[in-house]
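In what follows, chains carry the letters A, B, and so on, assigned in the order in which the sequence lines appear, proteins first and then strands, with residues in each chain numbered from 1.
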Amino acid sequence: MPPGKLIPLSEAVRRYTRDGMEYASGAALPVGSDAIVFGRELLRQGRKDLHAIFHCNSQQLNLLAAAGAVAKAECGFSGLEVFGFANGLRRAVESGRLELEDYSNLSMTLRLLGGALGWPFVPATVNVGSDIQDRSAFAPDEYPCRSKIATVTDPFSGREIGALRPLIPELAAIHVSLADPLGNTIMLGTEWSRFELSRAAKRVVVIADAIVDTACMRQYPNLVRIPDLVVEAVVWWPFAAWPQSSPGLYDVDEAHMKLMNQALATEAGTAGYLRDFVESYDDIGGYLDIIGRDTVAALSRGPTSFLLDPYRSWILPPEVLQ
Amino acid sequence: MPPGKLIPLSEAVRRYTRDGMEYASGAALPVGSDAIVFGRELLRQGRKDLHAIFHCNSQQLNLLAAAGAVAKAECGFSGLEVFGFANGLRRAVESGRLELEDYSNLSMTLRLLGGALGWPFVPATVNVGSDIQDRSAFAPDEYPCRSKIATVTDPFSGREIGALRPLIPELAAIHVSLADPLGNTIMLGTEWSRFELSRAAKRVVVIADAIVDTACMRQYPNLVRIPDLVVEAVVWWPFAAWPQSSPGLYDVDEAHMKLMNQALATEAGTAGYLRDFVESYDDIGGYLDIIGRDTVAALSRGPTSFLLDPYRSWILPPEVLQ
Amino acid sequence: MSAPYTGQEMMAIATGREVQDGELAIFGVGLSMLAGFFAQAHHAPNVRAMTEGGVYGATPVGGLPWGIECNRISANATSFTSALDALGCLVASGRCDVGVIGAAQVDKFGNVNTTAIWDGDGVIGDRYRLPKTRLNGAGGANDIACGAGRFIIMAAHEAKRFVDKVSYISSPGYLTGGDARSRYGFTGGGPSAIITTLGILRPDPDSKEFRLDGWFPFSSIEEIRANTGWNLKVAPDARAVPEPTPEELAALRRVDETGALRRK
Amino acid sequence: MSAPYTGQEMMAIATGREVQDGELAIFGVGLSMLAGFFAQAHHAPNVRAMTEGGVYGATPVGGLPWGIECNRISANATSFTSALDALGCLVASGRCDVGVIGAAQVDKFGNVNTTAIWDGDGVIGDRYRLPKTRLNGAGGANDIACGAGRFIIMAAHEAKRFVDKVSYISSPGYLTGGDARSRYGFTGGGPSAIITTLGILRPDPDSKEFRLDGWFPFSSIEEIRANTGWNLKVAPDARAVPEPTPEELAALRRVDETGALRRK
């Protein structure tokens with residue numbers, strides 16, 4: 001059955017990304033599903049001046065920011081949850097190298113929903129009345145700012161509420177658990193805002209930990225929330241979210257989460273990280289080597305691995321895919 | 001494990017419905033998933049003056065309208081697809097007994113979304129510029145009407161678009177394929193707008209064709225789009241959507257669809273239908289008898305029955321449920 | 001009519017010819033769905049077909065589906081989502097290239113009535129009053145008419161249905177003509193063709209008034225004008241619509257496996 | 001402190017006591033989640049707990065989750081939906097009864113800063129300028145602060161964190177006090193308590209200025225006032241907060257199975 005829309009990761013980055021573009025990831029909360037490996041490849045190909053649209057920061061944005069590849073970013077949460085502050089992103093913001101526009105986790109989703117529905121604005125009962133509304137890193141001289149989050153009057157009650165700007169990113173690189181070669185996908189774990197993003201973005205590339213036969217999708221059509229008709233290309237890359245987690249497939253790599261964030265706290269550490277964990281592999285095999293084959297095996301035996309059981313028999317073997 | 005939130009159908013109608021209420025069904029397109037049996041029970045208990053909120057007409061609204069139980073209705077589509085006009089609803093509208101407020105299939109969903117999100121209005125790029133906006137059966141003297149669908153100015157571009165009134169029905173009686181006794185549910189087939197409705201309604205009762213163990217939900221949490229925390233009560237009733245279809249469980253009963261719609265075309269036919277197919281059973285067994293045990297068996301062997309296979313082993317037997 | 005195909009088949013094929021390969025397309029039930037799947041089977045293998053309930057990747061099995069969510073179309077879907085997704089994210093957003101809708105009544109600017117018919121002069125008047133005949137309402141057609149890149153209207157060609165001005169606009173065509181649509185926030189471009197039981201009408205590029213563009217081999221300009229309730233103009237390049245090729249007919253009949261279109 | 005419990009445990013238990021049985025409640029990671037699940041394990045078995053990513057029905061396994069979607073909380077969920085659902089349909093809609101959020105800085109009207117700290121007087125000024133220290137941003141806390149029926153703020157009680165006016169409002173409390181919140185379309189009622197490492201503050205019903213409502217057994221009015229950056233008033237009925245009961249401590253320690261709160 002392959003290739004369909006299956007293309008190599010390097011080809012996806014070459015074909016669908018460019019310097020200065022509005023690049024969105026499906027980044028969920030910083031420990032969850034995100035195609036960090038797509039960010040590694042962006043750096044390997046030297047992409048820069050990116051305008052990053054991340055629902056939440058993840059190790060991908062942390063890395064891209066630390067490496068100086070991001071000029072602007074918009075997100076709802078900029079930390080790493082229990083792993084602390086995102087040192088790479090933080091350093092880029094504090095130095096003024098990166099303009100970070102603050103929203104909340106709901107308003108980022110709503111903006112994607114607005115983009116998906118083709119609305120010129122999205123009503124919001126959140127963010128108004130706070131400095132998220134009044135301050136803009138993109139329009140620093142405007143105070144109180146109303147070009148970022150405006151207000152609109154409800155024509156029925158006369159009540160005033162917020163109005164958010166919809167997001168229509170040029171590209172979304174969305175991590176999914178499973179995809180078929182046509183671009184039908186299954187997400188295990190919360191969608192976060194990947195559904196809305198897949199409809200808002202002009203182009204969607206999905207990065208799947210495993211590729212399954214389309215028969216799997218026909219058995220579970222209600223799980224296929226991002227279907228082929230909105231997907232441009234499919235990339236197969238196991239452990240694509242590493243060191244973050246992919247429910248059903250692998251757990252978070254706690255040691256690497258800490259190592260990575262510590263490295264990104266300095267220029268020197270970042271250079272070392274890029275050398276050791278970004279430039280250091282040639283293919284999927286080499287990538288799994290830098291994770292460590294023992295670690296790969298251990299992380300695959302997590303408490304959620306039963307979530308993958310119903311789909312295992314449809315997973316296509318590597319020899320069909322490469 | 002049962003009962004949890006499991007209650008009998010008659011008890012659900014007694015406890016959660018009242019004359020004159022805003023009653024919403026999860027009605028999908030007229031051949032799809034809808035708890036028609038809930039409407040039968042509304043009639044058995046003599047409910048009247050209902051304000052029906054149906055995404056689309058179904059045989060439930062057709063029946064309730066024919067029987068004179070509905071004073072007002074709002075929906076996006078009022079026919080029966082390839083089965084023709086909905087004779088019962090049509091007769092009630094043409095006689096002036098029922099005020100039917102017209103929307104479109106998208107605007108009904110958007111109104112539910114607005115109710116779900118707590119918005120005072122919902123932006124719309126549809127329905128404006130047509131008589132759906134200009135005419136209101138609920139406000140017949142207002143022309144062009146703006147109290148039904150207003151307009152709002154985008155604060156960013158100055159462009160004018162439509163503004164819909166959100167829906168927050170008092171009760172939603174939503175048909176699902178599978179539920180556990182706690183109220184976690186699985187829908188097979190398109191959700192239509194049942195997800196949005198389950199968040200918009202003040203109270204949600206789910207009517208499931210089959211009850212499964214909660215272990216099923218833990219295996220397939222991504223399928224549980226209506227979770228227990230929004231569900232008030234669970235009703236088990238096999239063939240709850242009959243004569244419409246429930247993907248995975250049973251096909252549409254073509255003969256009864258026609259018989260029913262033909263009966264509802266006249267007062268006499270409606271009286272006969274009520275006698276034979278509404279007042280004529282005492283319990284689930286009696287209900288399956290009026291469908292016909294052979295028909296039940298034949299409809300269960302439809303082309304979608306493979307969709308149920310992954311969940312069959314978790315289905316709880318009738319003796320545990322009654 | 002002695003042609004080796006029925007009028008319904010000609011109409012389905014003429015509609016299907018409007019759909020191009022690779023397009024994102026939305027079809028309703030009945031003739032519209034057969035036309036769409038005919039296009040897919042014949043010249044548009046990569047058409048991305050969907051229904052308004054959010055059923056993707058499916059082709060009908062076992063005959064004409066009874067409805068958009070019928071088991072006959074749910075049996076081999078690759079994805080089920082929702083109406084918000086199909087009609088909102090994919091159609092009203094402007095992403096859908098083409099939709100096909102039906103009409104009980106259509107006027108010279110391509111406005112469609114599927115809601116009701118009134119007594120007397122057929123006009124509802126300034127006050128909302130009870131219709132003589134209640135029809136099916138707008139359904140998803142209003143959303144398609146507002147949002148799809150372009151849409152195609154299918155209607156039986158009778159003078160009472162082809163009127164100067166519809167009595168109720170369920171789904172907007174070009175409204176009062178010209179650039180009247182631009183006053184609203186529509187993402188879609190408007191109707192590109194009316195495919196009738198007798199031929200094809202298309203809008204004048206400026207006035208947006210529908211003109212006769214082609215007549216089916218078994219019809220004529222005269223018959224069509226006689227069955228149109230306004231003074232139908234004929235486009236300068238109007239011509240007879242080519243009859244179905246053997247390949248087209250074969251493809252349509254594979255899709256219409258129970259012969260629904262051959263019975264009429 | 002010689003008590004048989006830690007200050008962190010007291011704080012978690014005091015927070016958990018604010019959550020009532022049957023409520024729809026949203027918790028963040030870390031201490032907040034432990035407080036919530038303690039409530040469920042102790043006095044609120046029917047609390048409907050959720051996380052902002054749309055993970056429902058789950059209780060953490062194998063220790064404190066690293067994040068809201070960590071496998072430790074995804075392992076036994078009964079439902080996964082989305083952020084739009086959890087933060088939008090359930091929180092911003094006003095359906096959620098109670099939320100718990102953290103604060104790097106909080107002021108006398110319960111406004112919360114989790115975004116950044118600026119040099120000098122700590123005030124950002126009329127022009128947006130680079131922060132000295134970038135923090136985590138608002139995350140879902142702004143949405144909870146705007147939408148939840150009430151919310152509880154957890155913060156380490158230090159004078160630099162308890163300030164007269166936060167330098168940036170990430171999540172709105174009572175803004176400038178009184179009925180200032182009513183100018184906005186918020187569905188939620190505002191902060192009902194600040195649970196600190198030393199005690200509990202609650203808002204004056206009219207002015208909405210936070211006052212000392214209770215001190216933990218190992219603290220005092222004096223210590224708390226000394227660690228508060230505004231002139232903290234003491235409520236007339238302020239009292240010592242009851243120390244954890246053996247049942248409370250046992251329940252908390254079942255939830256905090258790896259002892260995260262006992263190490264400090």
Looking at every non-hydrogen atom in both residues, tell me the closest pair between [X] and [Y] and how far apart they are.
X        : Y        : answer
C/Tyr168 : B/Asp102 : OH-CB, 3.9 Å
B/Thr109 : C/Ala83  : OG1-CB, 3.8 Å
B/Val128 : C/Phe186 : O-CZ, 3.2 Å
B/Ser78  : C/Leu135 : OG-O, 3.1 Å
C/Ala92  : B/Leu106 : CB-CD2, 3.5 Å
C/Asn136 : B/Leu80  : OD1-N, 4.5 Å

Point to revise | Portion of C/Ser93 that has a non-hydrogen atom of chain B nearer than 4.5 angstrom | key: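 For C/Ser93, no heavy atom lies under 4.5 Å from chain B.
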
Output the option from [options] having the highest count of non-hydrogen pairs under 4.5 Å with chain C.
options                               : value
B/Leu89, B/Ile161, B/Asp251, B/Leu307 : B/Asp251
B/Glu254, B/Arg159, B/Glu196          : B/Glu254
B/Phe195, B/Phe85, B/Tyr250           : B/Phe85
B/Ala139, B/Ser95, B/Gly79            : B/Gly79

Chain B contacts, top residue of [options] (heavy-atom pairs, under 4.5 Å):
options                                : value
C/Gly139, C/Cys146, C/Ala141, C/Gly185 : C/Gly139
C/Ala138, C/Gly54, C/Ala75, C/Gly137   : C/Ala75
C/Val166, C/Leu175, C/Thr133, C/Asn76  : C/Thr133

Can you say whether [X] sits under 4.5 Å from chain C via the side chain, the backbone, both, or neither, judging by heavy atoms?
X        : answer
B/Phe306 : side chain
B/Glu99  : neither
B/Ser136 : backbone
B/Gln244 : neither

Check your understanding: Quick one: are C/Asp143 and B/Asn127 in side-chain contact, heavy atoms under 4.5 Å?
Key ->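 Result yes, sub-4.5 Å side-chain heavy-atom pair found.
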
Indicate yes or no for a side-chain donor-acceptor contact from [X] to the backbone of [Y] under 3.5 Å, with no hydrogens or angles considered.
X        : Y        : result
B/Thr190 : C/Thr81  : yes
C/Asn142 : B/Ser104 : no
C/Arg134 : B/Glu94  : no

Review point. Does B/Glu81 pair with C/Arg72 as a salt bridge, N-O distance under 4.0 Å?
Key: no

Check your understanding: Going through the checks in order, is the side chain to side chain contact (heavy atoms under 4.5 Å, CB included) test met by B/Leu113 and C/Leu84?
Key -> CA-CA 9 Å; B/Leu113 179 70; C/Leu84 182 67; 4.3 Å; yes

